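Written out below as structure tokens is the structure these notes cover.
Bear in mind the structure is a predicted one, so any value in this text is a computation, not a measurement. The sequence lines fix the lettering, A, B, ..., with proteins before strands; numbering per chain opens at 1.
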Amino acid sequence: MDEQLKSKAYDPKAIEEKWYSFWLENDCFKPSEDTSSPVFSIVIPPPNVTGSLHMGHALNATLQDILARYKRMRGYRVLWLPGTDHAGIATQNVVEKQLALENLNRHILGRDAFIERVWMWKKQYGGHIIHQLKKLGASCDWSRERFTLDEGLSRAVREVFVSLFEEGLIYRSQRLINWCPRCFTALSDLEVEHEEIQGKLTYMRYPFEDSSSFIVVATTRPETMLGDTAVAINPKDGRYVSHIGKMIKLPLTGRTIPVIADQQVDPAFGTGAVKVTPSHDFNDEAIAKRQNPVLPFISVIGQDGKMNINAGRRYTGLDRYECRKLVVADLKDKNLIEKEESHKHSIGHCYRCKTVIEPLSTVQWYVKVDTLASNAINVVKNEQVRIIPDGWKNNYFAWMQDIKDWCISRQIWWGHQIPAWYCPDCTLEGGTSQGENIYVALTHKINGIREGRYKELASCGISHKEIISNAKNIRVGTSVRPITGMVDPTVCPTCGSVNLLRDQDVLDTWFSSALWPFSTLGWPDHTDDLKAFYPTSVLVTGFDILFFWVARMVMMGIKFMKDVPFRDVYIHALIRDEKGQKMSKSKGNVIDPLLMIDKYGADAFRFSLAAFAAQGRDIRFSEERVEGYRYFINKLWNASRYIRISIDKYSTRQIETIEDIMSEFEGVDSVSLKLPERWVLSRLAQAAGNTSKGLEEYRFNDAASAIYQFIWHELCDWYIEFSKTSFEQEASDGKNQKLALKCLLYVFGHALKLLHPFMPFITEELWGMYCQTCKTISKTNFPDQLIVDIEAEDRIQYVIDCISGIRSIRGELNISPSKPLNAMIRTSSHAANSNLTKNYDYIKNLARLETLEISDVIEKPRGAAASVKTGMEIYIPLSGLFNVKTELERLEKELKKTNEAINQTNKKLLNEDFVINAPKTVVEKEKERYEEYIAKRDKIMTNINNMKELET
RNA sequence: AGGCGCGUAGCUCAGUGGUAGAGCGCUACCUUGACACGGUAGAGGUCAGGGGUUCGAUACCCCUCGUGCCUACCA
């Protein structure tokens with residue numbers, strides 16, 4: 001006797017690892033060699049290499065795995081390509097934290113040594129999330145695993161960069177950007193999270209130069225007043241128009257600044273007068289640039305978030321927030337604070353470290369996105385890319401139409417260093433040397449100088465080589481021409497100088513992620529994989545990266561592959577905790593998927609995620625439901641035990657393999673089958689159809705519930721119970737065909753296949769129990785084109801109604817299930833009579849009857865409980881332990897229900913408009929219902945009267 | 001401020017222009033030969049509120065309330 005027959009409970013731990021290794025060893029996850037098959041390909045949205053699996057990943061991977069496994073069983077050539085991205089800022093942060101523990105920092109190490117160090121870290125910890133995906137059962141082709149900093153992917157990045165630059169779609173520009181003073185880098189607009197906070201609005205008095213009076217401005221950032229270069233008012237604002245052009249003596253600084261006019265100023269907000277700090281506020285930058293001449297830009301805050309020398313000696317070196325306090329205090333001393341009021345406003349935070357971002361004016365690299373974006377809009381409009389559910393289309397369009405140029409340079413070291421070089425020896429049009437516009441800060445003093453223009457350093461006798469190897473920071477003005485190319489240049493193509501400096505910045509990680517759908521397949525080479533698997537079939541992802549990836553992948557795909565990167569985009573929900581809160585480390589409400597797998601098994605966890613994944617809604621994770629699906633697996637396990645026990649009991653021959661039995665059974669003519677067998681085959685067909693339909697339409701929850709419903713409430717609740725009778729009948733009928741046993745195996749085998757994409761482990765385990773030599777269930781065909789048998793469904797449904805009627809009487813009168821009953825059924829139609837008679841044994845056994853009489857001439861016995869159904873009346877004589885009062889109550893309740901139904905139906909039928917306007921079929925149906933209920937009511941009333949006689 | 005979504009059983013959620021559903025929980029009875037991680041039978045819902053369209057609305061439209069998210073340059 002083997003393990004299953006002994007164990008009444010399923011233990012996932014024992015088998016999951018075994019089967020995962022088995023699949024790997026047998027190359028089950030690699031695309032088939034058969035190039036004539038249709039192709040289905042998915043690239044995984046690469047998780048951060050620093051990451052560990054969270055619920056979002058688990059859901060994402062589970063859905064992809066379900067699709068991949070399903071399509072494999074459908075005969076597709078499936079590629080699911082895994083990998084991770086290098087997560088520039090996040091990874092660098094992690095390693096820098098490590099260094100800090102050793103009292104080191106990246107500048108001490110130097111760039112090369114630092115990068116070496118990050119690679120070491122990646123080698124040691126980077127496989128973490130991949131390992132977790134395997135625990136989940138993900139059927140990725142691990143032989144094709146990629147990383148955004150791979151040699152091949154880096155070549156793709158370079159190719160794209162150079163090509164976009166040469167086309168003028170990549171350029172450098174000095175403007176305000178979002179700067180994270182902690183990560184010390186620029187961020188794109190998307191990487192800034194806005195959060196509403198309760199702040200203060202400070203009203204400050206700015207006196208006019210002539211001290212005649214003052215103008216009051218309101219601000220949330222008093223410290224920036226040190227960099228103000230104007231006060232703006234709306235040109236239509238009568239209160240202030242006369243002030244336009246007047247000069248203000250800016251407090252604390254001694255500078256004078258003008259009052260200017262600008263349309264954007266809202267007279268209704270604050271005082272209607274706005275201080276303008278072009279260097280530290282995006283609005284103010286725009287106002288400054290609209291003025292003629294342009295307002296001066298005075299930067300008072302440095303990259304470290306501290307005030308710089310321009311802020312004045314008193315404030316230099318203070319943190320922005322310290323300085324704010326001091327400025328307000330100083331103004332108060334001078335009686336220049338009018339008031340402070342509390343004020344709600346939203347401010348930007350770094351998405352990696354949550355530090356408040358600082359707008360700073362710097363030179364950065366940008367991608368010009370307008371034409372790329374409009375193409376990306378078109379392919380969604382004309383459905384070359386489908387977004388599912390399509391509610392997200394609007395968000396996509398809205399974002400795309402409003403898109404601004406993408407800042408792609410980051411001031412960090414971990415990533416793809418920008419392939420651009422500068423020549424300090426070339427001469428600009430005006431005759432000045434480019435070296436005048438390259439500013440170098442050295443790590444230490446050389447020849448008495450620590451920082452300065454390249455030309456200055458060179459003239460102090462510092463060699464080019466020394467400059468490069470000791471540079472801490474190199475800033476290059478926008479007037480300096482970048483040199484780029486697929487090969488690192490060694491000489492300047494213009495002047496022949498060999499003194500080239502490489503751009504220090506790296507590219508945004510998302511820049512390489514945007515190429516993922518084709519760079520992972522080998523582009524820019526024309527590989528077989530690229531030909532076979534691009535465009536990919538579907539991208540499965542959460543909406544939070546719709547813009548980060550989907551949009552950018554579409555742009556890059558169209559641009560470089562001349563085709564969209566994927567046909568479908570399936571956007572799944574975000575997983576929240578039971579209270580609907582977003583899971584986050586800081587809230588401490590994170591549920592670790594691996595914990596769930598440990599506790600309930602990967603199958604139960606996966607199935608829960610699929611069942612949760614209704615379209616267009618967030619998911620509140622509920623552990624209780626996971627537990628519920630573990631029970632479901634246990635149910636399946638025990639159904640299998642029943643089957644194996646039955647085989648032992650009824651099969652005289654050697655056990656055949658499940659594959660043989662299933663194919664043999666396929667040849668059986670349904671005419672030779674009894675109704676329960678025909679019924680379960682039909683229900684299987686329906687379940688298979690619904691499961692496929694759900695998966696094809698990305699309605700994972702529908703697919704999951706179709707298979708759940710079938711296995712538990714049809715196969716187990718009814719067919720297995722019917723089969724007990726069928727087996728006995730076949731054992732005694734002398735033919736020894738064992739059709740029912742084969743049918744059960746056939747249906748069970750198909751059910752396992754239907755379930756396999758959701759629950760790969762248990763289904764493989766059970767499948768294997770019926771055949772040591774068969775191929776893995778993952779390589780069988782998904783059930784398809786099974787036959788629906790409506791007649792069998794209707795007839796068995798009638799039998800089920802009959803059995804339920806008897807069970808109701810038992811249940812409601814509180815009669816023990818073990819007490820055998822005698823039942824009489826009076827039928828009122830030939831069809832009913834013949835149907836029930838044919839299924840006599842099934843009714844008798846499933847309703848636990850001692851005797852059963854079916855006839856159309858039955859006289860209702862005295863003292864019997866009754867149940868009235870369409871076409872039949874069921875009587876259970878209960879002399880002795882019969883409680884008249886209880887039975888009366890039961891009948892009264894039934895009568896009430898029936899009367900309500902009659903009223904409802906009657907109301908409709910009396911409504912002429914309904915009869916005239918409603919479709920004929922609906923009216924007919926309603927009439928039938930009415931008749932049925934009337935007949936039922938009459939019978940119930942008769943029974944009630946009988947009962948009352950008995951009572952007296 | 002705009003845009004999007006959600007409000008259905010005690011809880012978590014499906015769903016549909018024509019009889020309101022699931023899982024968990026609850027009640028009663030049952031160690032019946034696959035399964036107590038189980039079986040059988042029950043209880044429980046003005047489908048947020050108000051208006052409109054319709055023969056008929058939980059579903060379609062409008063408004064209100066509640067709630068969540070995204071976008072925005074009100075200093």
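Remark: the backbone N or O of A:Ser816 is paired with a side-chain donor or acceptor of A:Arg810 at under 3.5 angstrom. A distance-only check finds a donor-acceptor pair linking the side chain of A:Asn234 to the backbone of A:Gln263 [under 3.5 Å].
In this structure, A:Lys635 does not reach the B:rC35 phosphate: none of its side-chain N or O atoms is under 4.0 Å from OP1 or OP2. For A:His343, a side-chain nitrogen or oxygen approaches OP1 or OP2 of B:rA75 to under 4.0 Å. Look at A:Trp712 and you'll find a side-chain N or O under 4.0 angstrom from OP1 or OP2 of B:rG39. A:Asn634 has no side-chain polar atom (N or O) that falls below the 4.0 Å cut-off from OP1 or OP2 of B:rC37. At B:rG23, one or more side-chain N or O atoms of A:His713 fall inside 4.0 Å of OP1 or OP2 (strictly under the cut-off). Considering only side-chain N and O atoms, A:Ser808 lies under 4.0 angstrom from the phosphate OP1 or OP2 of B:rG42.
Protein atom CZ of A:Arg625 is 17 Å distant from nucleotide atom C1' of B:rC37, rounded to whole Å. Atom P of nucleotide B:rU71 and atom CG of A:Leu546 are separated by 11 Å, given to the nearest angstrom. Atom pair A:Glu195:CD and B:rC70:C1' shows a separation of 14 Å (rounding to whole Å applied).
A cation-pi contact links A:Lys724 to A:Tyr642, judged by a cut-off of 6.0 Å to the six-membered ring centre and 45° from its axis.
Ring centroid separation for the pair A:Phe605 and A:Tyr600 does not come in under the 6.0 Å cut-off.
Minimum atom distance to the side chain of A:Lys8 is reached by B:rC35, of the listed B:rA14, B:rC35, B:rA72. You'll find that the side chain of A:Glu812 is closest to B:rA41, out of B:rA75, B:rU19, B:rA41. When distances run from any side-chain atom of A:Arg699 to the nucleotides B:rG15, B:rA75, B:rA34, the shortest one goes to B:rG15. Of all nucleotides listed (B:rA14, B:rC37, B:rA34), B:rC37 comes nearest to the side chain of A:Arg630.
Between A:Tyr650 and A:Phe727, the angle of the ring planes lies from 30° to 60°, which puts this pair in the tilted group. Between A:Phe632 and A:Tyr708, the two ring planes are tilted [angle within 30° to 60°].
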Each nucleotide N or O in nucleotides 25-32 of chain B that has a protein N or O under 3.5 Å away: list the pair and distance.
unit_1: B:rA28; atom_1: O2'; unit_2: A:Asn814; atom_2: OD1; d: 3.1
unit_1: B:rA28; atom_1: O2'; unit_2: A:Asn814; atom_2: ND2; d: 3.2
unit_1: B:rC29; atom_1: O4'; unit_2: A:Asn814; atom_2: OD1; d: 3.3

### Query
Under a 3.5 Å cutoff on both atom distances, Watson-Crick or G-U, what's the dot-bracket for RNA chain B ([ ] crossing, | other strand)?
(((((((..((((....[..)))).(((((.......))))).....(((((..]....))))))))))))....
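RNA chain B is contacted by A:Phe269, A:Gly272, A:Val274 of residues 268-281 of chain A, taking any non-hydrogen atom closer than 4.0 Å.
Heavy atoms of A:Ile720 sit under 4.0 angstrom from at least one base atom. Base contact: A:Lys649 has a heavy atom under 4.0 Å from a base atom.
Side-chain to base pairing of A:Arg929 with B:rU19: one donor and one acceptor N or O lie within less than 3.5 Å of each other.
With RNA chain B read from its 5' end, the first of the two nearest nucleotides for A:Val915 and A:Gln709 is the one closest to A:Gln709.
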